[in-house]
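Let me begin by presenting the structure, written as structure tokens, before commenting on it.
All figures in this text were calculated on a predicted structure; none of them were measured in a lab. Whatever order the structure lists them in is the order used to number ligands and atoms, beginning at 1.
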Amino acid sequence: MSEQNPFENSRKQLRKCTDILCMDEGIYDMLANPMREMHVSLPVRMDDGSMKVFEGFRVQYNDAKGPTKGGIRFHPDETVDTVKALAAWMTWKCALMDIPLGGGKGGVICNPKEMSDGELERLSRKFISSIAQIVGPDKDVPAPDVYTNPRMMAWMMDEFSKIAGRNQFGVITGKPLSIGGSLGRGDATARGGLYAVREAADDIGLDLNGATVAIQGYGNAGSFAAILAKSLFGCKIVAVHDRSGGIMRLDGIDPEGAKGHKANYGSVFGFAGTEPISNEDLLELDVDVLIPAALEHVITDMNADKIKAKIIAELANGPTTPEADEILYKSGVHLIPDFLCNGGGVTVSYFEMVQNIYRYHWSEDRVHNRLDAKMTNAYHATLEACKKHDVNMRTAAYVVAVGRVVEAMRDRGWM
Ligand code: GLU
């Protein structure tokens with residue numbers, strides 16, 4: 001397998017789409033580059049009294065359809081190219097979900113697992129104050145992502161409000177409920193993905209009641225996916241894996257129990273009544289639904305031909321390389337591509353923004369129903385493009401999303 005660069009991969013995916021839509025080179029160039037990229041140095045006082053300088057980025061990819069929107073990741077392996085790719089995917093995601101937002105993403109190179117609460121608070125506050133000039137409710141609205149959470153969003157909102165001199169709840173989403181968060185935001189990524197899985201299962205004639213599911217990644221998205229797959233549809237979760245190890249049980253794992261075990265011991269590994277399974281073996285299990293819910297590039301040309309799942313639901317961003325995409329398409333796997341499958345998170349973030357503007361709270365049922373409608377529409381728009389252009393689901397999702405972004409750019413007179 002060649003060294004994978006996520007930004008180059010996102011451009012390869014885009015190129016396929018602009019070719020199909022016969023767009024000229026100038027349009028490709030406009031879509032293949034972020035409109036703004038900010039790099040910041042973040043000096044933070046550590047608990048031992050020393051100063052440590054972290055590196056952070058915020059990329060605003062395209063705001064033709066509205067303020068840029070996207071999460072902030074805290075990860076030791078973060079790179080600006082990953083953030084650029086993720087910002088591009090946010091642009092296509094918001095367009096595909098048909099919400100009036102553009103795409104952005106942020107990242108800080110750090111290992112939150114080795115930092116105290118105080119250090120994380122100082123880093124969160126430093127990061128938002130360093131990018132304060134370019135973010136804001138009408139400019140760019142961050143949210144949680146890999147290894148960031150509602151608590152950090154609260155600190156960032158508070159810091160930004162201090163700079164602005166007034167409460168600015170709308171600067172960030174994924175906040176706690178007490179300060180403008182939305183009901184239903186916590187499990188929105190997983191729930192939205194499962195609504196898409198329901199539609200996909202219907203398409204291929206798969207009964208989800210009793211269907212087997214394997215999940216790679218047991219953070220927010222992965223653990224809620226396990227819990228909801230069981231409670232909404234009666235699926236059987238046969239294997240899950242996190243950063244430190246994997247577990248398998250053919251009669252079905254109790255997803256809540258596995259989550260509790262991870263909360264107590266730092267990993268699902270060792271949960272009573274299960275056997276260990278490696279990450280590689282989990283991906284190649286003979287299951288109905290495989291859910292990659294961790295990081296990029298786990299399904300590659302090295303393992304794609306060994307995948308036996310009928311449906312792959314990409315809750316992670318960028319889990320499949322372009323080479324693997326070709327292989328999976330040929331072998332008939334029904335793949336729900338990342339920026340369709342995990343669009344539920346940003347969709348409920350958008351609902352949170354709307355509620356903040358109106359200073360009003362929606363009921364959980366209202367959030368779920370509206371999320372279901374958005375996911376179902378996005379899934380069927382993609383499927384239609386898939387049939388119309390005879391392309392795989394990822395390229396079809398690009399065709400729909402890029403078409404909408406280009407329409408907005410044209411209407412604004414950018415081209
Ligand atoms: N981080 C999530 C994503 O990748 C949510 C972004 C948001 O809510 O703005 O879609």
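- For atom 10 (O) of ligand 1, the nearest protein heavy atom (residue, atom name, distance) is Lys93 NZ, 2.6 Å.
- Ring pair Phe7/Tyr61 is perpendicular by interplanar angle, where above 60° counts as perpendicular and below 30° as parallel.
- The protein heavy atom nearest to atom 9 (O) of ligand 1 is Lys69 NZ, 2.7 Å.
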- [ ] Go through the steps to decide whether Lys175 and Glu352 satisfy the test salt bridge (charged side-chain N to carboxylate O under 4.0 Å, His left out), and finish with yes or no.
- [x] CA-CA 9 Å; Lys175 302 181 292 292; Glu352 182 174 331; 2.8 Å; yes
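- Closest to atom 1 (N) of ligand 1 among all protein heavy atoms lies Asp145 OD2, 2.6 Å.
- At a 4.0 Å heavy-atom cut-off, ligand 1 touches Asn317 through the side chain alone.
- Side-chain contact check for Asn303 and Glu284: no donor-acceptor pair (N or O, by modelled atom type) lies under 3.5 Å.
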- [ ] Show your working on side-chain contact (heavy atoms from CB on, under 4.5 Å) between Met353 and Lys69 and close with a plain yes or no.
- [x] CA-CA 11 Å; Met353 290 169 74; Lys69 182 88 192 81; 3.8 Å; yes
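- Nearest to atom 7 (C) of ligand 1 by heavy-atom distance, out of Gly104, Pro144, Ala143, is Ala143.
- Contact annotation for Glu352 and ligand 1: no heavy atom of the residue comes within less than 4.0 Å of the ligand.
- The proximity of Arg185 to ligand 1, defined as any non-hydrogen pair under 4.0 Å, is limited to the side chain.
- In summary, the atoms of ligand 1 found under 4.0 Å from a heavy atom of Gly70, numbered by their order in the structure, are 9 (O).
- In this structure, Tyr195 has its ring center at least 6.0 angstrom away from the ring center of Tyr379.
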TODO: Quick one: do Glu121 and Arg125 satisfy side-chain contact (heavy atoms from CB on, under 4.5 Å)? Show the steps, please.
DONE: CA-CA 6 Å; Glu121 177 170 355; Arg125 288 184 185 275; 2.9 Å; yes
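- The Met90 neighbourhood of ligand 1 comprises atoms 3 (C), 4 (O), 6 (C), 10 (O), with distances under 4.0 Å to a heavy atom of that residue.
- Among all protein heavy atoms, the one lying closest to atom 8 (O) of ligand 1 is Ser349 OG, 2.5 Å.
- In summary, Glu8 and Lys12 do not engage in a salt bridge, as defined by a charged side-chain N under 4.0 Å from a carboxylate O.
- Atoms of ligand 1 lying under 4.0 Å from any heavy atom of Lys105, numbered from 1 in the order shown and given with element: 1 (N), 3 (C), 4 (O).
- Environment of CD in Gln133: sparse, with no more than 12 heavy atoms of neighbouring residues, nucleotides or ligands closer than 6.0 Å.
- Note: no N/O pair closer than 3.5 Å links Asn342 and ligand 1 by distance alone.
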